[in-house]
Structures are given as structure tokens and as C-alpha cells.
K.L.:
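After the C-alpha cells below, expect a handful of questions from me.
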Amino acid sequence: MNRYRVHSLVALGLVLASASVTPAFAQGTAVLPISDAKARLAVEREIASAAAKGLPVQPLVAKAMEGVTKQATGERIRVAVASQAKRLEQARTLLAPSPSVAELTSGADALAVGVPAPMLKQIRAAWPAPQSVVMPLDVMTELVARGVPAKHALEQITALMQRGATPSQIASLGASVQSDVAAGLAPDAALEVRARGVMSLLPSPAAAAALAPSGRRP
Amino acid sequence: MSDEQDLMIERVRTTLRESPDAATDARAVARVLATVWASPRPSFWRRCLDAWRMPAVSGLGAAAVAGLALLAGFVTRGSVDERAPQAPMTASGAATGEHAVPSGTPQAVQYAAAAGEGAMVPTQFVLDEPAAKSVALVGDFNDWKPEATPLTRLETGVWTVTTPLPPGRHVYAFMIDGTLVMADPRAPKSGDADYGREGSVVMVFAR
């Protein structure tokens, strides 16, 4: 094969690779109802830039659409989309090796409410793939959003996970704390009480270790 | 008596039927037996088929199949129940209830129940807004598209919709008359650093 042919093949590969990114981006942004054409183009550029980095397009389109629905200005939408892309990229690193789109979105949401980045890594370590960390991350996000100190929230969630709590049980913890705080209980106290409640439903650590399926830490 | 002996007797019978005089002649019997032993061994599948045709074996087989069917049905029943339509959660109120796992539930049962964790959970949203001409639900689950999830107005003036949501934390709001976005007055609020317009939060999980 001569050099000309090799170059032609490389060029064809690049064209095909770019074509595979462009439609996905176009599908997501073609419907963005941003009236200001300049602002729409800026948002589309942000999304295209994120897509080129291998980030999922859907959460970024959703972020842009949120701005449209909330009647935000084009510039504010662009900034919001860029921030979301940054959080998604950070979450991808923290939740390695191969987080799902749902996990990335949950990770980005957690970072948005102020969950410290290293804690995402700790949750991933306590709940290794292929177990989904969507629910632990979502509950962590909710607890921190209600005012529970992130360190305390992480301790309780990982303790429950290590005792074999199901995602539903972890979610029920978040929902209970949410209602307790709404009723006037201090966030920290609410978490303490509700975590004990869920913990009391779980088997002893020894039994959890014996019954835990392979690939899941006791 | 083993299955192989049963098969051999059956082959002897067949041979004797073909040579009626063999039953009374010792040499003929010896010839028949020699023929039977020398005959090629049936293939594995043939032996399986023959074995299945025997009353005792087919009875056991039928029982085994019935047992397997019962087991499969029992297992499937558990997973189907998890995916069956559930009592809808209410975005404001019921979502904050206790998880209904009885004390002392064996871990294995909890893991089995967790098989349905990823299933969509019907979730009800309610807004008391009699003056509104239209109400839509917008949130991270429908990409904030107002046309995706319209609410229905009841005679009382209360608007409602029940929609399946994936388990997890969801941020949402109501869009009134196509323009005004408002948080759910009955649900906890979510901050919004990006746009500065707070929404509401619902924690969705399979009960």
C-alpha cells in the first residue's frame, strides 16, 4: 500500500469519526428553542466542545432546555451549559473507570450542590462497578442540599452500603431526612435518627458478609 | 433393575418375536443373545429417547419438568411483581414515607427485591391551581420540555398527573399557562445556582 493510499484512508477515517460526533450533537441541539441566534450558536459550540471530549450530550441539552423553560438569557444558558460540562468531566474522572450517563449526571448534580469531589471517589470505591452509584450519589446530594454536613452524610451512606442496604433503603433515608428537615428537625439529628432506623432493618455485619453476592463488598 | 437391563430385555423380546422358534431351542436362544449383545450400541440420543419412553423414567421426567416449571414460575413471579405497576408515589408527601422492609428480613430476600430497583416508579404530582388554564410538569426527567407531561384538571380545580420516573433524586417545577415556572408548594425546594429559579425535589424509589 503506497503512502497516498494510507493518507487517503486516514483522511476518510477522520471524516467518518467527525461525522459520528456531529449528528449526535446536531440531534441534541437542533431543537434548542433559543431565539437569539448568536446565543444559540454559543450554546451549541459549548455542547459540541463537550461532545468532542466524549462527554454525554443529553445532560447538556437538558441543562440548556432548563434555561429555556426558565426564560434565562442566552448568555446565562451558555454559562450554565459550560459549568455542567465541567462538572460532568470532573465526575467522569472521579467515578472511573466507566460511569454510565446516569452516574455522570448524578455526580455532576452532587458537585453542583457542594459535595466535595473526593467524596465521589469514596462512594465509587465503596460501591464498585458494576453496582450503580446513582442512588448513593443522589441521596448524598439531597442530604447535603438539606444542610447535613457532607462528612457525616458520607459516613452514614457508606456504613449502610457496607451493611448491604438496598438502593431503596438508602433512598428512603434521603426521603425521611428530607421530610424531617421540612418539619423542623436539625439536619444532622434527622440523619442520625433515620440512619439508625434503616440500620436496624439490616442483618448483622457477619450475616451481610456471608450473603453478599460476589463483586459486592460486605 | 437398571435402565440398560430394561433396554436389553426389550431388544431380546423384539428379536424373539421375529424368530418364534428361538424360545424353545437353547441354541436359538444363545444365537439370539449373541445377536443382541453384538448389535451396535444405540446412540446417546436414542438411549435418552428410549429411557424417556419407559413409564417409570417418563414419570420422573414429567415430575422433574413440572418441578422446574414451578421453580421458574416462582422465580419469575418474584421479579414480575417488582416490575408490576406500583401504587403511585406522591411527589409531595408519600415520597417521604418509611421503607416497608419488615424488621429481620433475610438479606437474600432484600437482594431479590432489589432486582426491581431500576424499574420506573409511577409518581403522582398534584397542584392546586384552579385559576390556571394549563399546567405542565417540567423537570430533569423530561428534559424540561413543557409539552412532554401536561397535567389534567379535575373538577375540583386540582391539577394532577402520574408519570413513571426512574429511581433517584429529581428536580422539577410546574409551568403555568405556558410561561410561569413555579416550584411545587408542597415539596422541598431545590436551589438553582445555574439559573437562580428554585424548583422542587422528589426522591423516587421502589417501595
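In this text the structure is predicted, and so the values were computed from the model without any measurement.
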K.L.:
Please find the pair of heavy atoms, one from B:Thr179 and one from A:Gln71, that lie closest to each other, and give the distance.
P.N.:
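Looking at all heavy atoms of both residues, the shortest contact is O-NE2, 3.1 Å.
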
K.L.:
How many angstroms lie between atom CZ of A:Arg146 and atom OG of B:Ser190, to the nearest 0.5 angstrom?
P.N.:
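Taking CZ in A:Arg146 and OG in B:Ser190, the distance rounds to 7.5 Å.
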
K.L.:
Is the side chain of A:Lys70 donor-acceptor paired with the backbone N or O of B:Val181 at a distance under 3.5 Å, no angle test?
P.N.:
no

K.L.:
At a 4.5 Å cut-off on heavy atoms, which part of A:Ala64 comes close to chain B: side chain, backbone, both, or neither?
P.N.:
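When you check distances to chain B, only backbone atoms of A:Ala64 fall under 4.5 Å.
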
K.L.:
Taking the side chain as every heavy atom from C-beta outward, state whether B:Phe205 and A:Pro167 have any atom pair closer than 4.5 Å.
P.N.:
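The answer is no, as the side chains (C-beta and beyond) never meet within the 4.5 Å cut-off.
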
K.L.:
With only heavy atoms counted, which part of A:Leu173 is less than 4.5 Å from chain B, the side chain, the backbone, both or neither?
P.N.:
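For A:Leu173, no heavy atom lies under 4.5 Å from chain B.
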
K.L.:
Is there side-chain contact between B:Arg169 and A:Val139, with heavy atoms separated by less than 4.5 Å?
P.N.:
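Not touching, per the 4.5 Å side-chain cut-off.
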
K.L.:
Salt bridge check: are B:Asp194 and A:Arg87 linked by an N-O gap of less than 4.0 Å?
P.N.:
yes

K.L.:
Answer with side chain, backbone, both or neither: which region of B:Asn142 has an atom nearer than 4.5 Å to a non-hydrogen atom of chain A?
P.N.:
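Nothing of B:Asn142, per the 4.5 Å heavy-atom cut-off to chain A.
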
K.L.:
Ignoring hydrogens, what is the shortest heavy-atom contact between B:Met203 and A:Asp138? Give both atom names and the distance.
P.N.:
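Result for this residue pair: SD-O, 4.5 Å.
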
K.L.:
Could you tell me which non-hydrogen atom of B:Ala206 sits nearest to which non-hydrogen atom of A:Ser168, and how far apart they are?
P.N.:
O-OG, 2.8 Å

K.L.:
Taking atom CG of B:Asp143 and atom CD of A:Glu66, what is their separation to the nearest 0.5 Å?
P.N.:
10.5 Å

K.L.:
Do you know the tightest heavy-atom contact between A:Arg76 and B:Tyr195?
P.N.:
NH2-C, 3.5 Å

K.L.:
Go through A:Thr141, A:Val79, A:Val134 and name the one with the most non-hydrogen pairs under 4.5 angstrom from chain B.
P.N.:
A:Thr141

K.L.:
Between A:Ala182 and chain B, which part of the residue has a heavy atom less than 4.5 Å away: side chain, backbone, both or neither?
P.N.:
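For A:Ala182, there is no contact with chain B at all, as no heavy atom is under 4.5 Å.
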
